[in-house]
Amino acid sequence: MSKSPVTPQRPASRAKPWSKKAQDVPPTLPPGLPARLAAASVLADVIGSGHGVDEFFSGEPVHPRLAGLEPRDRALVRSIVMVSLRRLGTIRKALASLLERGLPRKSGPLEWTLITTAAQLLFLDVPDHAAVNLCVQAVRHDPQSLPFASLANAVARNLARLRETLTDTDPLIDTPAWLAARWRLTYGDGGVAQIAAANRVEPRLDITVKSDPEGWAERLDGDVLAMKSIRLRGHTPVPELPGYEDGAWWVQDAAAALPARLLGAEWGERVADLCAAPGGKTAQLAMTGAQVVAVDRSAERLKRLAINMERLNLSAETKVADITTYEAAPFDAILLDAPCSATGTMRRHPDVGWTKRISDISTLAALQAKMLDRAVSLLRPGGRMVYCVCSIEPEEGEAQIAALLRRNPDINLDPIRADEIAGESSWLTAKSELRTLPYFNPSAAPGLEGMDGFYAARLLRRH
Ligand SMILES: C[S@@+](CC[C@H](N)C(=O)[O-])C[C@H]1O[C@@H](n2cnc3c(N)ncnc32)[C@H](O)[C@@H]1O
């Protein structure tokens with residue numbers, strides 16, 4: 001039997017592979033199998049073609065294997081895919097140790113079935129017999145992988161048997177090598193190790209409340225964090241939680257809630273939220289009583305923003321426009337939440353490291369610079385702006401703002417004070433910009449720690 005490495009090469013194309021041929025799932029398949037086939041297939045498409053997991057699970061199912069699945073099964077598929085991505089390094093190492101002769105060539109979806117089976121056996125609360133049995137059925141379902149059904153059976157049984165030793169790995173193994181190398185340069189050996197460890201923990205849901213954080217924390221079984229976000233302890237689906245229908249709160253990571261607060265928008269001010277959709281920060285700005293214009297290039301995402309604002313009973317004007325060419329009367333204050341590599345959000349989006357490429361960072365940094373130049377030109381003299389990104393790459397944060405200040409002498413950095421961020425001076429850079437990392441916000445309760453990696457700088461326009 002010839003061998004191939006366990007790690008496949010990602011093709012350059014980002015075409016939607018599932019759009020070419022629909023693979024209908026016959027309704028006669030045994031229970032649980034359609035979800036396992038879907039998990040393997042979605043994972044192959046995420047890693048193979050660079051599509052984000054959210055593309056598959058927000059809105060109507062676009063993948064033929066997801067169509068027709070019950071919501072409960074879709075949720076299971078999502079969690080199998082997420083764990084597979086979050087622990088991909090550990091899983092690949094485990095499979096490599098069990099496949100003495102490597103992965104057989106021309107074995108169709110075998111690799112994806114084994115990875116998603118490993119995710120269930122090593123990290124999810126799926127009974128061993130169900131995971132092993134469905135693995136073998138999934139392998140038998142495809143003519144190319146069919147000859148390897150007994151190999152898959154042996155691998156799956158060994159995964160269950162050796163679970164403890166196979167999962168005892170260095171967190172860095174689950175960080176894509178290109179990101180680990182970058183983070184080592186920026187944050188040192190200690191920093192990269194802590195980021196890697198934090199990214200392995202599935203984060204809880206954070207919410208921003210309109211008022212009464214203590215009361216809502218009690219009602220929702222959550223903890224009030226330093227900056228008044230609430231971190232929920234449980235995993236109840238969002239729409240079923242008290243206060244959701246009434247628009248008392250919205251989902252927003254604790255770090256993502258900081259930039260809008262730092263802008264300090266005031267009642268009656270004319271404020272622009274640039275790159276606004278789906279609107280977590282727009283809601284915060286609108287809460288202040290400012291007149292908010294929410295601008296985004298995507299009409300579809302702005303529609304979602306409008307629906308969110310309606311549920312929250314808040315108002316903002318929406319405008320579909322490209323920020324790099326957007327024109328408007330001057331604003332008192334601007335929030336620019338620029339598109340970025342999102343490497344600070346890998347706790348919530350473990351696909352980021354496997355779907356983004358190193359070249360994306362310079363492409364995005366160039367776009368951010370253009371947006372910044374446009375945004376500062378929209379400020380009135382004396383106006384203020386907060387620029388933020390959910391990236392932990394300096395090119396998109398610290399270096400981006402340093403370059404803006406060099407090319408625009410009219411713009412000053414307005415230092416952020418520790419007392420504006422609940423006294424957390426370790427969240428500030430030497431120049432008093434905000435820099436959070438995924439391992440910040442430790443907690444005594446396991447699973448309740450961490451926050452997104454964010455960068456924010458506050459700027460003032462002089463003339
Ligand atoms: C990081 S998300 C914004 C998240 C949002 N601020 C929030 O808090 O909910 C970035 C947004 O930038 C938008 N975007 C990307 N390129 C753009 C451009 N050239 N002009 C306007 N919007 C753009 C995307 O459609 C996306 O909605």
Side-chain angles (χ1 to χ4, degrees), residues 52 54-55 58-59 205-208 227 229 238 249-263 265 271-288 290 292-312 314 316-328 331 333-346 348-349 351-352 356 360-361 363-378 385-393 396-397 400 434 436 451-456:
D54 282 349
E55 288 180 47
S58 47
L205 210 62
D206 291 348
I207 62 171
T208 300
M227 286 294 291
S229 288
V238 171
W249 50 262
W250 60 97
V251 173
Q252 186 174 44
D253 184 89
L258 300 174
R261 293 198 180 122
L262 295 173
L263 188 64
V271 175
D273 184 4
L274 305 183
C275 299
K281 300 178 188 70
T282 315
Q284 288 180 284
L285 298 173
M287 283 282 298
T288 65
V292 182
V293 184
V295 188
D296 202 284
R297 185 179 60 176
S298 162
E300 202 181 315
R301 285 170 63 86
L302 269 183
K303 228 182 269 168
R304 201 158 357 125
L305 177 145
I307 293 168
N308 290 338
M309 293 294 279
E310 199 181 324
R311 177 180 67 83
L312 295 167
L314 294 169
E317 184 187 328
T318 56
K319 174 89 190 150
V320 180
D322 183 331
I323 302 305
T324 59
T325 52
Y326 174 55
E327 288 184 16
F331 291 96
I334 293 178
L335 178 65
L336 171 57
D337 184 15
C340 69
S341 61
T343 54
T345 67
M346 279 179 56
R348 289 185 202 286
H349 302 287
D351 49 338
V352 164
K356 292 254 162 46
D360 290 336
I361 292 174
T363 308
L364 284 159
L367 173 64
Q368 291 151 4
K370 264 175 116 175
M371 287 184 166
L372 270 165
D373 286 341
R374 188 77 213 156
V376 295
S377 77
L378 294 167
M385 176 165 123
V386 166
Y387 165 81
C388 66
V389 279
C390 56
S391 157
I392 59 173
E393 313 312 311
E396 302 180 80
Q400 184 68 265
L434 178 78
T436 62
M451 67 202 305
D452 279 356
F454 247 86
Y455 169 84

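Because only heavy atoms are used, hydrogens play no part in the values below, and waters and symmetry mates are left out as well, while side chains stay in. Counting starts at 1 for both ligands and their atoms, in listed order. For this chain, numbers begin at 1 and follow the sequence in order.
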- [ ] Under 4.0 Å, heavy atoms only, figure out whether ligand 1 is touched by the backbone of Ala321, its side chain, both or neither.
- [x] backbone
Task: Per-atom contacts of ligand 1 with Asp322, taking only distances under 4.0 Å to non-hydrogen atoms - done: 18 (C), 19 (N), 20 (N)
Open item on the list: Suppose we measure from atom 20 (N) of ligand 1 to each protein heavy atom; which comes out shortest, and what is that distance?
Closed with: Ile323 N, 3.0 Å
TODO: Do me a favour and list the nearest non-hydrogen protein atom to atom 11 (C) of ligand 1 with residue, atom name and distance?
DONE: Asp296 OD2, 3.6 Å
Open item on the list: Please list the nearest protein heavy atom to atom 8 (O) of ligand 1 with its residue and the distance rounded to 0.1 Å.
Closed with: Lys281 NZ, 2.9 Å
Task: Donor-acceptor under 3.5 Å (Asp337 side chain, Lys281 main chain) - done: no
Task: Check: Thr436 side chain, Asp452 main-chain N or O, donor-acceptor pair, under 3.5 Å - done: yes
Task: Nearest neighbour in protein (non-hydrogen) for atom 7 (C) of ligand 1 - done: Ala276 O, 3.6 Å
TODO: Please indicate whether any nitrogen or oxygen in Val295 is less than 3.5 Å from any nitrogen or oxygen in ligand 1.
DONE: no
- [ ] Report the part of Gln252 in contact with ligand 1, treating N, CA, C, O as backbone and CB onward as side chain, heavy atoms under 4.0 Å; options are side chain, backbone, both, neither.
- [x] neither
Open item on the list: I want to check something: taking the side chain as every heavy atom from C-beta on, are Gln400 and Tyr455 in contact at a cut-off of under 4.5 Å?
Closed with: no
TODO: Using distance alone, decide if ligand 1 has a nitrogen or oxygen within less than 3.5 Å of any nitrogen or oxygen in Leu367.
DONE: no
Open item on the list: Students should be able to answer this: which protein heavy-atom is nearest to atom 4 (C) of ligand 1, and at what distance?
Closed with: Ala277 O, 3.1 Å
Open item on the list: Go through it in stages, so that I can follow the logic: the residues are Lys319 and Tyr326, the test is side-chain contact (heavy atoms from CB on, under 4.5 Å), and I'd like the CA-CA distance, side-chain angles, deciding distance and then a yes or no.
Closed with: CA-CA 10 Å; Lys319 174 89 190 150; Tyr326 174 55; 3.9 Å; yes
Open item on the list: Heavy atoms only, cut-off 4.0 Å: how does Arg301 contact ligand 1, side chain, backbone, both, or neither?
Closed with: side chain
Task: Met451 and Asp253, any side-chain heavy atoms less than 4.5 Å apart - done: yes
TODO: Starting from the C-alpha separation in whole Å, work towards a yes-or-no answer on side-chain contact (heavy atoms from CB on, under 4.5 Å) for Leu258 and Phe454.
DONE: CA-CA 9 Å; Leu258 300 174; Phe454 247 86; over 6 Å; no
Open item on the list: Pair Asp296, Ser298 - check side-chain hydrogen bond (donor to acceptor under 3.5 Å, both in side chains), show working.
Closed with: CA-CA 5 Å; Asp296 202 284; Ser298 162; 4.7 Å; no
TODO: Note the single closest protein heavy atom to atom 16 (N) of ligand 1, along with its residue, its atom name and the distance in Å.
DONE: Arg297 CZ, 3.5 Å
Open item on the list: I'd like to check whether Asp337 has a polar contact with ligand 1, where a contact means an N/O of the residue lying under 3.5 Å from an N/O of the ligand.
Closed with: yes
Task: Protein residue, atom and distance nearest to atom 12 (O) of ligand 1, heavy-atom basis - done: Cys275 CB, 3.3 Å
- [ ] Measure the shortest side-chain to side-chain distance between Phe331 and Met385 over non-hydrogen atoms and say whether it is less than 4.5 angstrom.
- [x] no
TODO: Quick one: look at Ala256 and ligand 1, take heavy-atom pairs under 4.0 Å, and tell me if it's side chain, backbone, both or neither.
DONE: neither
TODO: Find out whether Met309 and Val292 are in side-chain contact, i.e. whether some heavy atom of one side chain is under 4.5 Å from a heavy atom of the other.
DONE: no
TODO: Report, in ascending order of atom number, the atoms of ligand 1 lying under 4.0 Å from any heavy atom of Pro278.
DONE: 9 (O)
TODO: For ligand 1, find out whether one of its N or O atoms is nearer than 3.5 Å to an N or O atom of Met371.
DONE: no
Task: N or O pair under 3.5 Å between Ser298 and ligand 1 - done: no
Task: Check ion pair Arg348-Asp54 (N to O, under 4.0 angstrom) - done: no
Task: Enumerated ligand 1 atoms positioned under 4.0 Å from heavy atoms of Gly279 - done: 7 (C), 9 (O)
Task: pair Leu335-Val271: side-chain heavy atoms closer than 4.5 Å - done: no
Task: Between Ser341 and Asp360, a side-chain donor and acceptor under 3.5 Å - done: no
- [ ] Specify the protein heavy atom at minimum distance from atom 15 (C) of ligand 1: its residue, its atom name, and the distance to 0.1 Å.
- [x] Pro339 CG, 3.5 Å
